[in-house]
Protein chains: 2
Amino acid sequence: MRRNPERRQALIDAAIEVLAREGARGLTFRAVDAEAAVPPGTASNYFTTRDDLFTQVGGRIYERLLPDEATIARSREGMQDQTRYAELMHELVDRVSAFNSGYLALLELRLESTRRPELRAVLTKRIREDIDANIGHHAASGLPGDTTSVVLLYLALNWLIVERLTLPDIFTEQEIHELVDAAVQRSLNA
Amino acid sequence: MRRNPERRQALIDAAIEVLAREGARGLTFRAVDAEAAVPPGTASNYFTTRDDLFTQVGGRIYERLLPDEATIARSREGMQDQTRYAELMHELVDRVSAFNSGYLALLELRLESTRRPELRAVLTKRIREDIDANIGHHAASGLPGDTTSVVLLYLALNWLIVERLTLPDIFTEQEIHELVDAAVQRSLNA
DNA sequence: AACGTAGTACTACAGATGGAGTGGTGTCAA
DNA sequence: TTGACACCACTCCATCTGTAGTACTACGTT
């Protein structure tokens, strides 16, 4: 088992791309080697089993989908009203959609987690933490709405992103924009 | 190319189970043969290529997820108010969740459609039709809400089902129930 | 400065699996 | 008798895993 952390991370990031492009079943040691442009057999040295590889990717993927510190700091600026809320949600949708392969990889992981209990445990923990962080962040922000509105937005925007990434012709960009606005507005009305 | 329609349908239904259980990459002719309990090589005789198999599954899967006539008829009964709307949405979520493998297979197909243009075209058409049917049905029903509320409900409930089926420990059954109610209630408030 | 050692990169191979595609044979019904 | 289909068998091919073994590099020791 090799320990070089940069290389390990490079392999995991390569695995994310493979997941998005080839699907869960296509995530093999060899495919990761090829994607990371390292000699065949390298991934075998860094992960004990495929299960291990999946689990480590599951631990990493969420870090890369979350906003960085600068983005979080920026989100606290300005009037914290509904207009600002909508603005932030547009940013969120665009940021996540932009890391196309990351979101698709996460979907693949979700589906794979129905077959891998370890992976399911990792993902459940990460996502539960993310939802709670969103709720906490919202509560501290002064933005309108309650816990329920945060969760409803989480639900609607996630599927909107799925729709955009998997079947882009279902909604136009214009419609997506309007749906984000509508989701913000209506989720706030208790 | 064989034409026996019962057998073809049995093969496609078997393919749905394989998709849900093994993922898109696991959908092979041989796996379909095994699932349908027919001799190896049979699926090869019924589908020209794997692409063809995917496309035919994409055409069929949606039929099986939609409510049957009796359910649709029943949905028109009673007072068409918000309470009734929530009731119908609970039924919808439960019905779709119950056909577990069907919904998971559809997710696999969505992901696979990022790699298969033909499949994407089929799914886009089907899903667009379904959304439009929902909108039309809603408009004719006398239920409260507008087009936007129908679409927002579609978004939120879809992801709720994803959450329930892929990571069942994120939300409790109780929370899911409440979220459906909240989604109905808030989506109606323009 | 020479040497030794540890950790890692890289290469190569053995063994195994599983699937695609196809041709052929048997069976049944019109 | 003929045609469609079920069933079976075989070959070719692509890939993957696991691991053993070699080469390289950095670093500490004397």
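The basis for the numbers below is simple: all heavy atoms, side chains too, and nothing from hydrogens, waters or symmetry mates. Reminder, nothing fancy here: chain letters follow the sequence lines and each chain counts from 1. Note that the structure is predicted; figures quoted are calculated from it, not measured.
Inspection of the B:R164 and B:S97 side chains reveals an N or O donor paired with an N or O acceptor under 3.5 Å. No side-chain N or O of A:D13 forms a donor-acceptor pair with one of A:Q9 less than 3.5 Å apart. Between A:D146 and A:S149, the side chains place a donor N or O and an acceptor N or O closer than 3.5 Å (distance only, hydrogens not considered). Of the N and O atoms on the side chains of A:D68 and A:T71, at least one donor lies less than 3.5 Å from an acceptor on the other residue.
Here the side chain of A:Y46 is nearest to one of D:dA6, C:dG21, C:dA9, namely C:dA9.
Contact check on A:E63 versus A:R60 returns a salt bridge, with a Lys/Arg side-chain nitrogen under 4.0 Å from an Asp/Glu carboxylate oxygen.
Residue contacts shown for A:F47 are absent, as no nucleic acid heavy atom lies under 4.0 Å away.
Remark: P of D:dA9 and CG of B:N45 are 15 Å apart, rounded to the nearest angstrom. Atom CZ of B:R50 is separated from atom P of D:dA14 by 16 Å (rounded to the nearest Å). The CG-P distance, from A:L11 to C:dT8, rounds to 13 Å in whole Å. Computed from coordinates, the A:E6 CD to C:dG7 C1' distance equals 14 Å when rounded to whole Å. Atom-to-atom, CZ of A:R7 to P of D:dT25 comes out at 13 Å; the value is rounded to the nearest Å.
Considering only heavy atoms from C-beta on, B:F171 comes within 4.5 Å of B:L160 through its side chain.
For B:R2 against D:dA6, a side-chain-to-base donor-acceptor contact under 3.5 Å is present.
The phosphate of C:dA9 has OP1 or OP2 within less than 4.0 Å of a side-chain N or O from A:N4.
Near DNA chain C, meaning a heavy atom under 4.0 Å away, the residues from residues 27-42 of chain B are B:T28, B:F29, B:R30.
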